[in-house]
Amino acid sequence: MTFEEIKALDEQYVMHSYGRFPVALDHGTGATLWDVDGREYIDFTAGIGVTSLGHGDEGWLKAVTAQAVKLGHISNLFYTEPYAKAAQKLCSRTRMSNVMFGNSGAEANEAMIKLARKWSYDKYGKGRGTIITLHNSFHGRTITTLAATGQDKFHDYFFPFTEGFRYADANDLDSLEAVAGHDVCAVMVELIQGEGGVLPLDKEFVQKTAALCAKRDWLLLIDEVQTGVGRTGTLFAFQQYQIQPDAVSFAKGIAGGLPFGGVMAGEKCRDVFTPGTHGTTFGGNPVAAAAACYVLDTIDTKPFLEAVCEKGRYLCQRIEGMELPCLGKTRGLGLMLGVKVKGDRTNRELAARLIENGLLVLTAGPDLRLLPPLTITREEMDKGLAIMKETLS
């Protein structure tokens with residue numbers, strides 16, 4: 001089909017809940033994509049951090065195909081091997097206790113919220129279900145995760161929102177303590193605020209928050225939907241902050257492109273969910289779990305993760321070295337990067353220009369966001385950087 005034919009179908013039959021760029025992508029290899037007209041693009045987005053091993057990875061394809069031929073789906077009423085192996089790999093590499101699998105980041109955060117509230121109910125009874133999150137955070141688009149999100153612009157239209165959330169300022173322990181109370185059961189944070197602008201939290205603030213949670217007997221919940229699975233240069237970002245959370249959500253890059261996610265629980269709340277208290281039909285799907293096993297085995301090696309950090313440093317140095325009039329400093333960890341936007345052009349305008357010229361990028365807050373595949377090559381990075389320089393000079 002041509003671009004215009006695809007666009008016409010979208011206009012007629014698809015709800016317009018996305019502001020799409022005028023590109024219809026068709027196939028890809030590594031961090032390089034081609035549209036339906038055969039035009040090449042360098043991918044600095046990885047499907048918003050999802051295609052962690054790039055496009056068309058042979059090992060990933062073999063793992064997915066082999067499992068799809070064997071068993072595509074059977075439900076959680078029965079045991080299957082792939083999800084059990086994926087759970088073992090996650091827990092053994094993070095010192096977490098057990099896992100509940102789902103399908104998406106918002107669903108993972110919903111599960112984590114339910115876990116915290118049931119843990120508190122089981123221990124303290126009713127009246128202790130409030131969760132503190134941070135201003136500028138983003139935790140998903142369901143009614144409850146929108147309520148958990150600390151940005152006013154997400155708190156419109158869908159009334160009534162779920163109650164039980166209060167918001168503190170990032171990197172400000174006094175602000176966090178000011179909104180605390182006897183009704184609090186947990187604190188939930190992103191270690192790098194992704195949709196808010198790729199803003200890393202200060203390590204000292206995170207560690208003091210962890211200490212406060214331990215003192216008050218609150219759970220420490222870490223939203224690693226975007227930061228997890230090698231994106232920041234460690235398997236999970238919390239491993240760089242020297243903390244041990246009570247629960248961690250994950251999704252996006254875990255299955256390299258298939259819908260998969262979940263929440264890991266620490267020992268304190270490993271037995272909170274009992275049969276019937278939470279569930280999802282597709283959670284732990286054998287094909288997605290097989291993909292997750294392959295992704296975890298591929299990325300969780302010291303050379304691979306060191307390369308992620310090196311690639312991130314290279315992109316930052318090159319972008320800042322261009323001294324482009326519309327871009328400023330870079331920030332982030334590993335290959336989760338934000339780039340300051342300056343001048344009269346908005347980040348959306350800059351992104352549109354870059355995409356038009358063959359470089360796929362993202363926006364976050366007022367700035368640009370880069371989430372390339374973790375396997376991106378130096379040649380692909382250089383091609384993308386050349387497009388950036390030529391387009392924005």
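Please read all numbers here as calculations on a predicted model, not as lab measurements. What you see below is based on every heavy atom in this structure, not just the backbone, and it leaves out hydrogens, waters and symmetry mates.
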[X] atom [atom1], neighbour heavy-atom count above 12 within 6.0 Å:
X    : atom1 : answer
F3   : CZ    : yes
R345 : CZ    : no
E11  : CD    : yes
E204 : CD    : no
R39  : CZ    : yes
K118 : NZ    : yes
Q242 : CD    : yes
R93  : CZ    : yes

Does [X] reach the side chain of [Y], with side-chain heavy atoms less than 4.5 Å apart?
X    : Y    : value
F101 : T280 : no
L327 : K342 : no
I222 : I243 : yes
E40  : K383 : yes
P372 : L315 : yes

Any salt bridge linking [X] with [Y]? Criterion: basic side-chain nitrogen under 4.0 Å from a carboxylate oxygen.
X    : Y    : result
K329 : D367 : no
R378 : D382 : no
E380 : K311 : no

Ring-face cation contact, F21 with R348, 6.0 Å cut, 45° max:
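Judged by the rule, R348 and F21 form a cation-pi pair.
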
Any donor-acceptor pair under 3.5 Å linking the side-chain atoms of T391 with those of R353?
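No, because no side-chain N or O of R353 sits under 3.5 Å from a partner of the opposite role on T391.
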
Between S137 and E190: side-chain donor-acceptor atoms closer than 3.5 Å
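Note: S137 and E190 side chains miss the donor-acceptor criterion.
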
Evaluation steps, salt bridge (Lys or Arg N to Asp or Glu O under 4.0 Å), between D217 and K268
CA-CA 11 Å; D217 200 21; K268 184 186 287 188; 3.6 Å; yes

Taking the six-membered ring for Trp, is the centroid-to-centroid distance between F159 and Y157 below 6.0 Å?
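For F159 and Y157, the ring centres are not under 6.0 Å apart.
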
Among E224, K89, Q239, the one residue meeting side chain to side chain contact (heavy atoms under 4.5 Å, CB included) with T94:
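It is Q239, the one option of E224, K89, Q239 that forms the side chain to side chain contact (heavy atoms under 4.5 Å, CB included) with T94.
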
Could you tell me how the ring of H135 sits relative to the ring of Y167: parallel (under 30°), tilted (30 to 60°) or perpendicular (over 60°)?
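Correct class here is tilted.
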
Establish whether V295 and M264 are linked, either directly or via other cluster members, by ILVMFWY side-chain heavy-atom contacts under 4.5 Å.
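Yes, it is one cluster - the side chains of V295 and M264 are joined through contacts under 4.5 Å.
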
